[in-house]
Amino acid sequence: MALDVRKNLKEVQENIEKACERAGRDISEVTLIAVSKTKPVDLIMEAYDAGIRDFGENKVQELTRKMEEMPSDINWHMIGHLQKNKVKYIAGKVKLIHSVDSFELAEEISRQCVKKDVSQDILVEINIGDEDSKFGVSYDRVTELVDKIIGLPKITLRGLMCIAPNVDNSEKNRELFKKMIKKAVDINSNKMYYVNRENTRPGRFLDVLSFGMTNDYVVAVEEGATMVRVGTGIFGERDYGLQGGFNQ
Ligand SMILES: *Cc1c(COP(=O)(O)O)cnc(C)c1O
């Protein structure tokens with residue numbers, strides 16, 4: 001069957017809407033990020049033409065190339081593992097870097113931003129399923145990392161991100177999503193401490209929660225995700241061979 005991006009998008013958006021209704025949430029609280037990695041620009045433009053303005057990529061070179069080729073009103077999200085030596089290509093240019101999992105990486109983003117006099121929003125990535133195959137800081141060390149990061153100039157820590165385990169039944173990830181929310185709530189409960197730091201926004205702290213992918217975005221929205229990252233469910237299966245030319 002031919003791939004119909006517009007139809008897939010409509011289905012995903014309806015599922016998000018229904019999940020919001022069930023959870024008593026307002027649809028405006030949830031941003032759908034169309035994960036376009038490995039996909040060609042003409043296909044991604046179908047999602048753009050259908051109204052999508054948030055796109056996620058996991059490789060720096062592929063992201064910057066698409067950024068140049070596509071309209072300038074797109075919010076680009078760096079969702080993949082980021083090497084320190086690639087930070088300079090995206091710092092201050094992307095809407096959000098989701099994958100900060102060490103102080104050294106945060107420090108490098110900050111350093112590049114200071115150099116260019118730009119600012120950058122970031123998320124801390126948590127290895128929520130404690131999987132060897134995944135990047136991310138371990139759950140127990142999140143607060144410690146957050147404490148260190150918020151002292152850095154020109155970057156704003158907006159929230160938390162995770163890639164949950166790939167499970168056959170999305171219900172299996174519900175408890176992990178609850179743990180994500182709990183961590184954000186715990187950290188935010190110390191808000192008076194954080195909001196007095198110079199680079200946090202007055203009165204607000206962690207308000208972005210990025211989790212949920214094709215297999216589990218419905219559960220993610222029910223549990224409180226504010227950003228879901230859906231690739232396959234919009235653009236179809238990926239052929240990673242096509243990404244060969246873009247390797248970081
Ligand atoms: C590829 C990817 C996604 C999208 O995965 P799908 O299962 O295709 O929806 C989401 N988040 C990250 C970090 C990814 O690398």
S.K.: Under a 4.5 Å cut-off applied to non-hydrogen side-chain atoms, are Thr38 and Asp239 in contact?
M.R.: no
S.K.: Within 45° of the axis and under 6.0 Å from the centre of the six-membered ring of Tyr48, does NZ or CZ of Arg53 qualify?
M.R.: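 Positive - Arg53 is close enough to the ring of Tyr48 and near enough to its axis.
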S.K.: So, taking the atom named NZ in Lys178 and the one named CG in Asn173, what distance separates them when rounded to the nearest 0.5 Å?
M.R.: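 Answer rounded to 0.5 Å: 12.5 Å.
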S.K.: Check the side chains of Arg238 and Tyr240 for a donor-acceptor pair under 3.5 angstrom, ignoring hydrogens and angles.
M.R.: yes
S.K.: Less than 4.0 Å between a side-chain N and a carboxylate O, is that true for Asp54 and Lys95?
M.R.: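 Between Asp54 and Lys95 there is no salt bridge, as every charged N stays at least 4.0 Å from the carboxylate O atoms.
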S.K.: Mark yes when over 12 heavy atoms from residues, nucleotides or ligands other than Asn75 sit less than 6.0 Å from its CG; otherwise mark no.
M.R.: yes
S.K.: Are any of the side-chain nitrogens in Glu171 or Arg174 under 4.0 Å away from the carboxylate oxygens of its partner?
M.R.: yes
S.K.: Over 60° means perpendicular and under 30° means parallel, so tell me whether His98 and His77 are parallel, tilted or perpendicular.
M.R.: perpendicular
S.K.: Taking atom NZ as the centre, does Lys116 end up with more than 12 heavy-atom neighbours from other residues, nucleotides or ligands that are less than 6.0 angstrom away?
M.R.: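 Buried by this count: over 12 neighbours within 6.0 Å.
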S.K.: Begin with the C-alpha distance, continue with both residues' side-chain angles, and end with the deciding distance and a verdict on side-chain contact (heavy atoms from CB on, under 4.5 Å) for Met161 and Arg229.
M.R.: CA-CA 10 Å; Met161 175 270 210; Arg229 311 176 308 262; 3.4 Å; yes
S.K.: Salt bridge check, Glu175 against Lys179: does any charged N sit closer than 4.0 Å to a carboxylate O?
M.R.: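 Between Glu175 and Lys179 there is no salt bridge, as every charged N stays at least 4.0 Å from the carboxylate O atoms.
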S.K.: Side chains of Asn15 and Tyr217: is there a donor and an acceptor less than 3.5 Å apart?
M.R.: yes
S.K.: Please report the interatomic distance CG(Leu63) to CD1(Ile90), rounded to the nearest 0.5 Å.
M.R.: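 It is 6.5 Å, given to the nearest 0.5 Å.
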S.K.: Are Ile122 and Arg158 packed together at the side-chain level, in the sense that at least one heavy-atom pair is separated by less than 4.5 angstrom?
M.R.: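 In short, these two side chains do not touch, never coming nearer than 4.5 Å.
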S.K.: What about Phe135 and Met213, same hydrophobic cluster or not, with Ile/Leu/Val/Met/Phe/Trp/Tyr joined at side-chain heavy-atom distances under 4.5 Å?
M.R.: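 Per the 4.5 Å side-chain linkage, Phe135 and Met213 are not co-clustered.
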S.K.: Is the CZ atom of Arg141 crowded by more than 12 outside heavy atoms at less than 6.0 Å?
M.R.: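 Atom CZ in Arg141 is not packed in, count stays at 12 or less.
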S.K.: In terms of hydrophobic clusters joined by side-chain contacts under 4.5 Å, are Leu145 and Ile163 together?
M.R.: no
S.K.: Do the numbers put Lys148 on top of the ring of Phe103, so that NZ or CZ is under 6.0 Å from the six-membered ring centre and no more than 45° off the axis?
M.R.: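 Flagged: Lys148 positioned over aromatic ring of Phe103.
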S.K.: Give a yes or no on whether Tyr89 atom OH has more than 12 heavy-atom contacts from other residues, nucleotides or ligands under 6.0 Å away.
M.R.: no
S.K.: Is a salt bridge present between Lys66 and Glu69, judged by a nitrogen-to-oxygen distance below 4.0 Å?
M.R.: no
S.K.: Between Leu9 and Ile52, is any pair of side-chain heavy atoms under 4.5 Å apart?
M.R.: yes
S.K.: Is there a side-chain contact between Asp186 and Thr143, using heavy atoms and a 4.5 Å cut-off?
M.R.: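 Answer no - side chains too far apart.
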S.K.: Compare every heavy atom of Ala23 with every heavy atom of Glu222, then report the nearest pair and how far apart it is.
M.R.: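 Residues Glu222 and Ala23, closest heavy atoms: O-CB, 3.7 Å.
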S.K.: Less than 4.0 angstrom from a charged side-chain N to a carboxylate O is my criterion; do Asp168 and Lys172 meet it?
M.R.: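 Salt bridge between Asp168 and Lys172, a charged N being under 4.0 Å from a carboxylate O: yes.
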S.K.: I'd like to know if Glu108 pairs up with Arg111 as an ion pair, taking the criterion as any Lys NZ or Arg NE/NH1/NH2 lying under 4.0 Å from an Asp or Glu carboxylate oxygen.
M.R.: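 Arg111 and Glu108: salt-bridged.
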S.K.: Between Gln120 and Thr156, is a side-chain hydrogen bond (donor to acceptor under 3.5 Å, both in side chains) present by the stated rule, with each step listed?
M.R.: CA-CA 6 Å; Gln120 180 66 63; Thr156 303; over 6 Å; no
S.K.: Are Glu62 and Lys59 ion-paired here, with the side-chain N under 4.0 Å from a carboxylate O?
M.R.: no
S.K.: Check the pair Asp140, Ser138 against side-chain hydrogen bond (donor to acceptor under 3.5 Å, both in side chains), reporting the backbone distance first and the verdict last.
M.R.: CA-CA 6 Å; Asp140 296 339; Ser138 72; 5.5 Å; no
